[in-house]
Every structure is written in structure tokens, then in C-alpha cells.
Amino acid sequence: MTMDMVSAILVSGLVLGSVYALMASGLSLVWTTLGIFNFAHGSLMALGAYFAWTMSDAAGLNLWLGAGVAVAVAGMVGVGILIERTVIRPFYDDKDILLITVMTTLAVMIFLEKGIQLLWGARLKQLEPLAPGRVNLLGTTISAQETLIVVLAPLLLGGLWVFLRYSNIGRGIRAVGQNPAAAKLIGVDVSKLFILTFALSAALAGLTGILLGSVRFITPTFGAEPLVKALIIVIFGGLGSLSGTIAAAYIIGVVEAVLIFFVGIYWAPSMLFALLIAVLMLRPQGLFGKSVR
Amino acid sequence: MNMRKMGKWGLALLAASALSVAFANAQEKVAKIGVLAPMTGGAAADGNEMVNGARLAVEEINAAGGIAGYTFEVVVGDTQDQAADTVTSAFERLAGDRDINVMMTGYASGSNFEIELMAEQEMPYIISANAAQTRDIIAPNPDDFPTVWSISPSYDAYETAMVPVIQQLLDGGALELPNKKVALISSDNPYSKTIMEGLQKNFEDAGWEVTSADLLPFGEINDWRAFLAGVRQAAPSVIINTDYLPGNAATFMTQFLEQPTKSLVFIQYAPSVPEFLELTKDRATGVVYNMLGGVLDTPQNPRAAEVVEKYKAKYGSAPGVYGPALYEQVYLYADALAKVGDSTDRLAIGKAIGETEKQIAAGVLRFDPQTHLAVQGEDAIPIQFFQIWDGKRELFYPARYATEEFQTPPWMK
Amino acid sequence: MDHSTHEAPLLEVRNIERRFGALVAVNDVSFAVPAGQVFGIAGPNGSGKSTLFNVMTGIPFGPSAGKVLLEGREIQSLRAHEISRAGIARTFQKDAEFGTLSAFENAYAGAVYCAGLSGAQAREEAHKALDDVGLSNDRRDKAAGDLTVFERKQLMIASAIAGRPRILLLDEPAAGLTRPEVSDLAELIRTVNGRGVTILLIEHVLPLLLSVSQHLLILNHGAVIASGKPAEVVRDPQVVEAYLGKREAAL
Amino acid sequence: MPASFNLKTLAIAAVLILGLLVPVVIEDTYIRHLFIIAFIYAIVAASWDLSLGYAGVFNFGHVAFFGVGVYTTALCAKLLGIDPWIAMLLGGAAASAAAAIVALPVVRLQGIYVVLVTFAFSQLVLQFVISQSQITGGTQGLVRVPTIELFGYNFLRDYKFGYYYVAFALLVISTLCLRYITRTDFGLSIRALRDNEDYSLARGIPIGLQRLKVLMASAFFAGIAGGFFAIYLRVASPEVFNFSTMALILSMVLVGGTSSIYGPVIAALVLTFISEGLANVNGLSEGRFMLVAVAMVLVLLFFPKGLISIIDRWPRGRGARRPD
């Protein structure tokens with residue numbers, strides 16, 4: 001194996017891993033805090049990209065994309081709150097909340113996908129890259145936008161980690177995730193935190209969509225593939241741990257890059273699935289998860 | 001005006017309108033055209049174009065007073081994601097309408113299984129894609145399918161025309177290649193795979209070395225770098241990608257240009273889709289693709305420019321393949337109806353369609369009675385080779401239709 | 001430790017151990033339960049009582065080391081449902097019922113899957129068990145989740161004895177009951193024991209434990225610190241300290 | 001209650017007779033076709049509820065079992081020349097076999113893990129079908145699947161009269177079987193296991209074995225339905241594995257009501273006809289999915305036990321939840 005190949009695999013794995021980490025951390029956040037699995041996360045990602053596309057397209061200037069990103073992310077926060085209010089909040093007391101919210105978030109997914117198609121049409125779209133041009137990274141040439149993702153992802157996730165660790169709201173979110181009843185007892189406003197968590201997760205999804213939307217093409221269903229990957233990652237990392245999720249994202253990114261290089265792109269997704277099943281059979285709590293009991 | 005007077009007026013008006021309706025009915029019969037199209041789901045863009053093309057022709061014909069006492073009307077059956085049950089539902093819904101005695105589509109399903117449903121009901125059916133599937137179903141017993149016709153010709157030329165065209169470019173000095181190596185890549189769908197396998201055989205027979213022939217899973221592909229890394233090692237002078245999805249093709253081009261090799265790049269079908277040019281912009285300059293049954297837009301075939309212009313004028317954007325295809329399909333039906341005179345005589349209509357010989361946007365259309373496909377060839381539906389240059393598609397082969405000369409792509413200079 | 005029992009024990013636990021990583025939840029515990037006894041187990045919170053029941057029944061995990069013998073036969077490597085079928089019935093502190101099944105179905109499930117009965121026989125056994133615990137007829141078609149706390153306690157014992165167990169493991173059955181209900185429960189335990197079912201009882205409510213047990217074993221930090229006649233064991237200073245805490249022991 | 005029992009029997013008899021009369025009264029082939037498709041989905045949805053609703057196994061691979069039935073039947077009938085009726089049975093058997101494979105990891109896992117593993121499984125099956133294109137036809141699918149014949153009766157040109165009755169019979173038989181299964185001791189044990197796993201073990205119920213059995217049983221009916229789907233449409237194509245197929249059938253189960261066999265059956269009929277009805281309204285072709293999505297959420301909000309609870313007048317309503 002030449003150095004060229006090693007660097008190509010590493011760079012490819014880094015790009016994939018960064019995207020997965022952004023995507024999966026939003027999913028994992030909602031799972032840890034609210035105990036639900038949001039199947040609409042992928043469509044939220046698509047929605048964020050379309051918001052940004054509309055912003056930049058309406059303004060017609062790259063210059064405005066920065067503002068567009070802000071507006072789009074703000075829009076996503078609103079959408080997140082709306083979703084939490086309408087399809088998740090009513091079921092908090094339900095014993096079958098896991099299954100019911102699988103269903104309601106699936107419904108949201110269908111609603112968003114079809115709505116996007118109705119509003120923006122089915123034709124492919126692409127965002128102007130935030131960073132144009134190409135960059136040589138470890139001897140492998142990739143687009144500057146992908147480099148931006150590689151650089152931005154750890155910063156964003158680091159920011160998220162600091163926020164969860166040191167801010168009052170962040171500590172509240174973690175407390176609720178660990179023990180909602182106890183959190184309520186010590187005076188945490190659980191209901192407010194649930195909304196905040198969902199809004200934060202939606203914003204993360206939207207941001208991922210915006211970053212990815214200038215590397216890949218935007219379609220109403222372009223969140224589907226990253227969603228499936230994110231699901232795998234959250235499981236791999238072990239449910240309920242953000243750092244585990246992020247670590248798993250990068251591991252899966254590199255594993256996928258290695259698989260693509262050595263097994264070929266054809267069987268790489270299948271092998272990832274098989275790997276997932278195998279890991280779960282050996283360690284039902286995930287790679288970094290602690291035993292439930 | 002008092003109430004009584006108004007009542008009287010109303011009554012008179014009602015009578016008049018009833019009369020006029022009756023009169024109109026006596027004079028105008030309605031021939032509804034069932035269009036099977038994916039109006040929802042991932043292929044909705046194609047579906048909308050199909051319906052647009054059909055509506056364009058129908059409005060023209062109706063504005064000109066209809067055909068044989070009939071006015072036309074388009075009824076759309078949504079095939080959604082082309083799953084067998086939704087396609088059958090759409091078919092049954094249309095077939096249940098007694099005024100629908102013809103159906104047409106760009107493509108309705110991946111397998112064309114609906115051809116058999118059409119044949120059972122002797123429904124005239126005109127289709128413009130998936131020629132290989134159509135042939136597989138019809139060729140064993142062409143007499144069982146008297147009403148089903150494909151305006152898309154056999155795809156064999158996709159496999160056989162490539163090597164001679166490259167050879168011709170080399171001989172004419174328009175192209176210089178350092179070696180006789182070719183790298184092939186395809187996604188796992190019957191269309192792309194068949195073409196790649198055919199190309200591999202044809203290249204090998206002509207003494208070329210095929211450095212790789214890779215198969216990718218069908219669907220969205222975001223990473224061509226593994227393939228391109230192999231290409232850089234083998235340095236073939238021709239790279240052929242037969243995956244036909246425009247998004248994939250655009251990604252492919254972008255990633256190829258990150259570290260280009262001095263190779264001629266050929267991409268199947270995708271560059272003909274409007275958004276490919278929008279997405280790749282100047283990055284596509286130099287890319288070669290070919291087309292069977294596409295619009296033959298050349299001064300020798302003014303029909304093509306006419307159809308494209310009409311479409312643009314009405315819908316504000318240039319059509320791909322399916323807009324003009326459905327436009328022509330409606331006219332094929334109109335011609336057959338004019339000949340037969342009775343829309344319910346399905347067998348006669350089907351037979352009349354099969355006897356067509358006319359100039360259409362894609363070339364000269366006549367059908368092969370063995371396969372029910374359009375006949376392929378330079379004097380029929382020709383295979384066309386294009387090169388993209390500055391956001392435009394330049395036709396460079398066959399020479400008699402060519403609008404522009406082939407040029408060496410910028411990355412090869 | 002008291003090894004003076006002469007009868008062959010119905011159930012014997014030998015040097016059992018359960019580890020979670022570095023934590024030793026149950027540490028080298030041994031005891032024997034003679035047939036027909038009510039055998040009490042007590043200890044402060046986190047002393048390993050429930051874990052002991054878990055490893056004995058394999059629900060949800062077996063021991064890391066050691067043996068469990070039922071009538072002299074090793075059962076620790078059997079699968080959980082096989083242990084239940086072999087004659088060890090247990091209850092849980094929480095959620096000790098099938099919530100959406102009717103009370104009758106709860107007992108019936110025990111008769112079918114533990115006792116291996118079927119059809120009319122199983123129905124009869126289930127009704128008999130419900131009669132034994134005194135769950136009234138008109139409550140038997142209710143979903144178990146809708147019963148009162150005490151009725152659910154009755155039901156969990158009924159569904160256990162409907163499986164015709166050799167030994168019944170009760171895990172803090174008095175939790176959540178009022179004082180009069182606790183004495184009803186004590187009566188119930190005596191009744192069941194009177195019909196020949198050996199009982200292993202974990203209990204926090206000391207009066208109950210003392211009133212029904214013939215033998216008492218105290219666990220602390222996963223190990224046995226005392227075992228013997230209830231009246232003697234509770235006077236053991238080590239037990240007093242462990243169980244009541246140092247501060248109260250000093251009083 | 002004997003009065004309600006009689007009412008129920010009467011209602012069932014009425015529905016059966018109505019079902020038998022449909023093709024006599026309705027001559028429109030399109031409507032008959034919709035009934036047939038709805039019946040097929042009803043079988044898939046009701047059998048899914050056996051593992052999902054009754055046994056509480058979050059099985060998201062049920063549509064893959066349906067797909068296995070589609071392909072097994074199509075391949076057996078077309079390539080091996082096996083009689084299509086037998087091929088349909090083989091479709092059911094193959095689906096059960098596939099379920100046995102999925103059960104290996106599933107019996108050891110819980111909750112959301114089961115969702116993901118079964119989902120992953122269905123993706124693997126799809127990938128496998130597409131990769132074996134020389135046999136399965138890959139993304140193009142398999143056409144000209146031979147169709148059934150019964151005592152020389154030709155099903156092809158009778159305006160779906162015969163197919164209707166075959167579909168109806170399959171639905172009735174599978175509904176009877178599913179009802180029967182849920183009422184046996186086995187049915188009791190899987191509900192027990194859904195309610196409380198540890199407690200089931202303590203009552204001698206073998207979790208792994210029951211899950212294996214329930215997955216195999218529920219897959220069997222899905223496989224048969226898939227077999228008939230292939231025979232009826234005479235094509236097997238990979239779209240059956242689509243996410244949208246799964247979402248549609250899952251919504252039938254949940255809207256109809258989990259832990260009921262009739263609920264998903266009713267929902268399958270309602271949703272199929274509503275969705276097709278909306279498709280024919282101009283401008284709603286895309287919007288109808290959004291409407292169905294909204295309807296799904298509304299049903300879950302106001303009838304958490306599904307549509308069946310409106311009919312059943314479930315005495316306990318939402319209160320039937322287990323208090324913690």
C-alpha cells in the first residue's frame with residue numbers, strides 16, 4: 001500500500017466521518033434526552049439545505065450565503081420546535097412512546113419530503129460552496145468545501161460538547177437525559193429542555209444539510225442515505241453517549257473508506273450493515289455503550 | 001330587472017347552453033389519451049416533462065380543430081415510484097375510462113411489464129425508453145403485441161458505435177491518444193450494465209486493452225475517488241462511465257477534474273439531461289456523450305428545433321428527451337386516428353401506428369415489425385455523438401448532421 | 001454458619017459469585033434451604049439481595065462462579081426459562097405482572113409454561129391458584145395493570161404457584177403496601193407455605209420477615225454476615241450495625 | 001357479553017357476505033384491482049401486527065419478508081416451472097426461513113436495536129436481490145411470471161373477477177389463522193413476553209423460541225401475500241423493498257391499531273382507497289402523501305389504539321396503559 005492510498009483513504013474517511021458525526025450527534029442528542037428516535041432527521045437535513053438554497057438563490061449572491069445560513073438555521077430551529085410540539089410532546093406519557101414516535105417521525109419525514117418536492121420540485125439543485133476551489137490535504141486533492149466540513153465539524157461538535165458540559169442549559173439537558181424524574185425534582189424545567197434539545201438537533205441537521213448541499217446534490221430525499229448511516233453510527237457508538245457517537249462516526253467514516261478501497265463501493269454498504277449486526281450480537285450495548293443493567 | 005324577468009332570462013340562457021352542449025357533443029367526440037408518468041417521487045421531473053410534451057401537442061391539435069371529429073384530452077396516471085402495484089393501479093384507472101383508447105409514456109416501470117397488460121386489452125401503447133426490455137417482451141411473439149410500439153430504437157448501437165467513432169476521430173487527426181487503453185465503469189442497472197459489457201467486448205475485439213470494468217451499486221454515488229485512483233494508476237486514454245443518473249455524472253466530473261488524467265471522458269446519457277449542464281457549468285466542457293432516440297437538433301432536421309422551441313416557449317425551459325418524445329407520440333396517434341377514423345378500433349389504430357413512416361424530432365421514424373422498436377440507423381433514428389462545449393451540446397457525429405467539429409478537451413491539452 | 005440441618009436441602013447455593021467488571025455484587029455466598037421452610041433474606045440497600053435472586057434464576061444473568069442445586073441437581077447453567085420450569089418461581093420488586101393480560105391469563109400463563117399443563121387442566125390450576133391467594137372472581141377478567149396494588153401482589157403469587165413450583169422466591173413483596181395489607185400478605189405467605197411450597201423471602205419490612213421466617217440470612221456488601229434463627233440473628237451486633245446503620249446502632 | 005358477541009358475529013357475517021358480493025356488484029376493473037391490492041396489503045399489515053403488536057418485536061424487516069415471498073414465488077414459477085399455487089406456498093416458506101435468519105440476532109436484542117437490525121436486514125436482502133441480476137433481473141426486475149390456473153379457469157381475461165376471490169380467500173384464511181394464533185396459549189405467551197420479558201422468563205416462557213416462532217409465523221403470511229402479489233401482477237421488481245412501501249404498510253398497522261388483527265385489515269382498505277381517491281383529485285397527486293401523513297398523526301393523537309378502537313369502543317381507552 002502506497003502513502004498515496006493511505007492518505008486518500010484517510011482524507012476520504014475524514015470527510016465521511018465529519019458529515020456522519022454532525023448528522024449522528026443531532027440524532028443522538030434527541031435520543032439521549034428525549035428517548036425517541038427521530039426518523040425525520042434526514043428530511044430536516046434536506047429542508048435546511050433547501051432553506052439555504054432559497055436564501056442564496058433569492059439574493060443571488062454568494063456574499064449572502066453567510067446570512068442565508070443564519071436564516072436557514074433559524075428556520076430549522078422553528079421547524080424543530082414545531083415538530084416537537086405537534087408530534088412528540090403529546091406522547092411523552094405513553095408507555096409505547098418509542099414505537100409511536102417512530103411512526104410520527106416517519107409521518108413527518110413523508111410530510112417534509114413530499115412538501116419539499118411540491119415547493120421546490122424534484123430537479124437536482126446545488127448550493128454555491130461556502131469555500132470555492134480545491135485544497136491539497138495530505139497529498140490528496142479535495143474541494144475546499146469538503147475541507148471546510150472536515151475543519152468545521154470538530155469545531156461545531158466541540159462547541160456542542162462545551163455547551164452541554166458547561167452551560168446551565170447544557171447541564172440541564174444532560175441531567176434530563178440521565179434521569180428525567182430526578183431532574184424534575186431538582187427544579188429543571190424538563191419541558192423547556194425537551195424543546196430546546198429538539199430545536200438544537202434540528203439546527204444541527206439543517207447545518208449538515210447546508211454543508212453537504214454544496215458537495216452533493218440536493219433532492220427531496222437527499223437526507224435518506226445520511227440518515228441510515230447516522231442510525232448505524234448511533235447504534236455503533238452505543239446509545240446515550242455523545243462522545244461515543246462522535247468517535248463511532250469517524251471510525252465508521254474511515255472503515256467505509258477502507259471498505260470502498262478494498263472491497264469496492266458495491267458491497268461496502270452491505271458490509272457496513274453486516275458489521276453492525278455482528279457488533280450488536282457480540283456487544284448488544286454498542287461499541288462504547290455501557291451495559292444497560 | 002324584477003325577479004320574474006330574471007327567471008325568464010335565466011331559463012333562456014340555460015336552454016341555450018344546453019343546446020350548445022348538445023350541438024358540441026354531436027360535432028366533437030373526445031379521444032382521451034392516457035399518459036403513464038411518474039408524477040411523484042424521485043422521477044417526477046421526467047414525469048412532468050412527459051405530461052408537458054403530451055399537453056403541448058394536444059393543445060396544438062385541438063386549437064387546429066381536432067382530428068377526425070375528435071378533440072384530445074390528456075389523462076395522467078401517476079406511476080409514482082414505478083412499483084408494480086402502483087403502475088398497475090394507474091393502468092387500471094386509465095383503462096377503466098371508456099374514452100381512453102390509447103396510452104403512452106416515456107417509461108412507466110423499470111421492467112416494462114405493463115406491455116402485457118396493454119396487449120391483453122389491445123390498447124395502443126407507445127413507449128420511448130427501456131428498448132431492451134420492450135424487445136425482450138415482444139420479440140419472441142411480436143404478433144401478440146399488435147398495438148405496442150417503441151419510438152426508442154434498439155440500444156445495440158450504444159455498444160457498437162463507440163469504437164468506430166473513436167477510430168474515425170483518431171484517423172481524422174481530431175483526437176490524439178497516447179495508448180489504446182480504456183477504463184469502464186457502470187452502475188448495477190440493466191441499461192448501464194449491458195452497455196458496459198457490450199463496450200468491453202467491442203473494445204477488446206478492436207484490440208484495445210480494458211484496464212478495468214467496474215460495477216457500482218445502482219443509486220446515488222457520492223464517491224468516485226476509488227475508481228478514479230485506479231484510473232490514475234493505469235492511465236487509460238479513454239474513460240467511459242455508463243451510469244446514467246445526472247447527479248452521479250456531475251459528481252463524477254467534479255471529482256475527475258480534481259486530478260484529471262489525459263483521457264477522453266465519455267458519460268452515458270446523463271449529459272443530455274438539462275440539469276447536468278446547470279450543475280456542472282464549465283466543468284463539463286469537453287465531455288462526450290451519445291444519444292439514441294434523442295432530439296436530432298440539426299439544420300437537416302428542422303422538426304427538432306421547432307418542437308424544442310415550442311416547448312421552451314410554453315414551459316420556459318429546454319426539454320430533455322421525454323418532452324419531445326411524448327409530443328411526437330401524440331402526433332403519431334393523431335395520424336393513426338386520422339387514418340382509421342374511429343378511436344375505439346384499437347387494433348386498427350395499433351396497426352396504423354406500426355405503419356408510420358415520418359420525420360420526427362429524433363429522425364425518421366419507422367418500426368421494425370420483429371421487435372416493434374423504431375428502426376435504428378443513419379437514415380432512420382441515428383445515434384448521435386455530442387461534445388459539451390461552453391454549456392452547449394455540439395453534435396459532431398454522424399458527419400452529415402454534425403453542427404460542430406470535435407475538439408480536444410481542455411484537460412487533455 | 002449454621003450447618004446443622006439434617007434433612008437434605010431442597011435448594012442449595014454453593015460459593016456463588018457475581019461480578020460486574022471490578023465490582024463484586026455477590027461474593028462467595030453459600031446457604032441451603034430445607035424443604036417446607038420460609039427462608040428470609042435481609043440486608044441494607046445494595047447489599048446484593050436482588051442480584052442473588054437474579055443469579056439463582058438466571059434472569060437476566062447467571063452467576064460468574066459457584067453452583068445452584070435444586071434437589072441435588074446443578075441448575076446454574078440451565079437457561080432462565082428452564083430454571084423456572086424446574087420448579088423455581090420468582091417474583092420481582094417492580095412490574096411483577098403482565099399488564100395487559102387479564103388476571104386470569106397471568107395465572108394461566110404460569111400453569112401452562114411452568115407446570116406444563118394445558119387446556120381445562122391449566123384453567124383449573126389457574127383458578128385454584130387465584131382461589132388460594134383470594135383474588136375474587138369478579139376481578140379475574142380485569143387487565144392486571146388495572147388491579148390495585150394489593151391485588152397485584154396476590155396475582156403475582158397466584159401466577160407463581162399456578163406453575164406448581166418447588167420453591168417460591170419472593171422479592172420484597174411488601175413494598176408499597178399499607179400496614180394492614182402487610183399483615184394480610186404475611187397471612188398469604190403462611191397459607192402458601194402451608195400448602196407445601198418452600199419460600200425464599202427477601203424483605204425490607206422487618207416485622208413481616210421476622211413473623212413468617214423460620215431462618216434468616218443477612219447480606220452486606222454481597223457477602224453473608226449472619227445466618228440462623230431470626231430472633232438470634234437480629235441481635236447480632238454486626239447485623240444491627242449493617243442493617244440499621246452505625247448511628248442508630250450507637251443509640 | 002353474549003349480546004355484543006352476537007352483534008360481532010353478525011357484523012363479521014355481514015362483512016363476509018359484502019366481501020363476496022363486491023365483484024358481483026362492482027364491474028369496474030380498477031375498483032376490483034384496488035380491492036385486490038388492499039387485500040394483499042391487509043394480509044401483510046395484519047401479519048406484521050402479529051410480531052409488532054402482539055409480540056412487541058420491533059420488526060422493521062417485515063416488508064423484506066414480503067419481498068422474499070415476491071421473488072421466491074416469481075423465480076420458482078418462472079425459472080423452475082413450479083406450479084404457481086405451490087410457488088406461492090414456497091414464497092411463504094422462504095419468508096419464514098428468512099425470518100429464522102433474522103431471529104438469530106433479534107432474539108438477543110431489545111427495542112430500538114431490533115428496529116435497526118431488522119431494517120439493516122431488509123437493506124441486505126435488497127442489495128442481494130439487485131446484485132444477483134442474472135437470476136433476479138436486478139433493478140429491472142423479473143417479468144412474465146406465470147399466473148395461476150384453477151380447474152382450467154383462466155384468470156387473465158375475466159376483469160379480475162377470479163383474482164378478487166383468490167385475494168379475498170387468502171385474506172379470510174390468513175385473518176382466521178392469525179386470529180387463531182393470537183388466541184392459543186402461544187398467542188398468550190407472546191403477549192406476556194411483550195408486557196414483561198423478565199417476568200415471562202420467570203414463568204417459564206422461552207423468549208428466544210417464542211420470538212423465533214412468532215417471526216416465522218408472521219413472515220409466512222407476508223411471504224404468501226408477496227407470492228400472490230407476484231402472481232397477480234406477473235412481475236417481481238425491487239421496488240417492493242422501497243422505504244415508501246414499508247412506511248405505507250406500517251401506517252396501516254398503527255393507524256388500524258396494534259394488537260388487533262381486524263384493525264390493520266380495515267386500515268389497509270381505508271388507506272388504499274383514500275390514497276387512490278386523492279390521487280385522482282387534480283393537484284393533490286403529491287399532496288396526498290402529506291395528507292395521509294397528517295391523518296396518521298391525527299389518528300395516533302386521538303385514537304392511540306388505532307381505528308379499531310372506534311369500532312371496539314374499547315372500554316378503557318387511553319387509560320389501558322400500564323400505570324408505572
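Below, chains carry the letters A, B, ... as their sequence lines are ordered, and counting in each starts from 1. A quick note: this is a predicted structure, and the numbers were derived from the prediction, not measured.
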To the nearest 0.5 angstrom, please state how far the [atom1] atom of [X] sits from the [atom2] atom of [Y].
X	Y	atom1	atom2	answer
F119(D)	F273(A)	CZ	CZ	6.0 Å
F91(A)	L300(D)	CZ	CG	5.5 Å
M271(A)	L124(D)	CE	CG	11.0 Å
I110(A)	S251(D)	CD1	OG	6.5 Å
M103(A)	L250(D)	CE	CG	4.5 Å

Should [X] and [Y] count as side-chain neighbours, where that means a heavy-atom distance under 4.5 Å?
X	Y	result
W267(A)	Q127(D)	yes
V297(D)	T86(A)	no
S270(A)	Q123(D)	no

Can you tell me which portion of [X] sits under 4.5 Å from chain A's heavy atoms? Options are side chain, backbone, both or neither.
X	result
V255(D)	neither
I130(D)	both
L254(D)	side chain

Parallel, tilted or perpendicular: which fits the ring planes of F60(D) and F39(A), with parallel below 30° and perpendicular above 60°? parallel
Go through V294(D) and F111(A) one step at a time and tell me if the side chain to side chain contact (heavy atoms under 4.5 Å, CB included) criterion holds. CA-CA 8 Å; V294(D) 171; F111(A) 188 84; 3.6 Å; yes
For A107(A) versus A293(D), what's the shortest heavy-atom pair and its separation? O-CB, 3.4 Å
Tell me, with the steps shown, if L118(A) and M290(D) meet side chain to side chain contact (heavy atoms under 4.5 Å, CB included). CA-CA 10 Å; L118(A) 219 54; M290(D) 299 171 76; 4.0 Å; yes
Residue V108(A) versus chain D: region with a heavy atom under 4.5 Å: neither
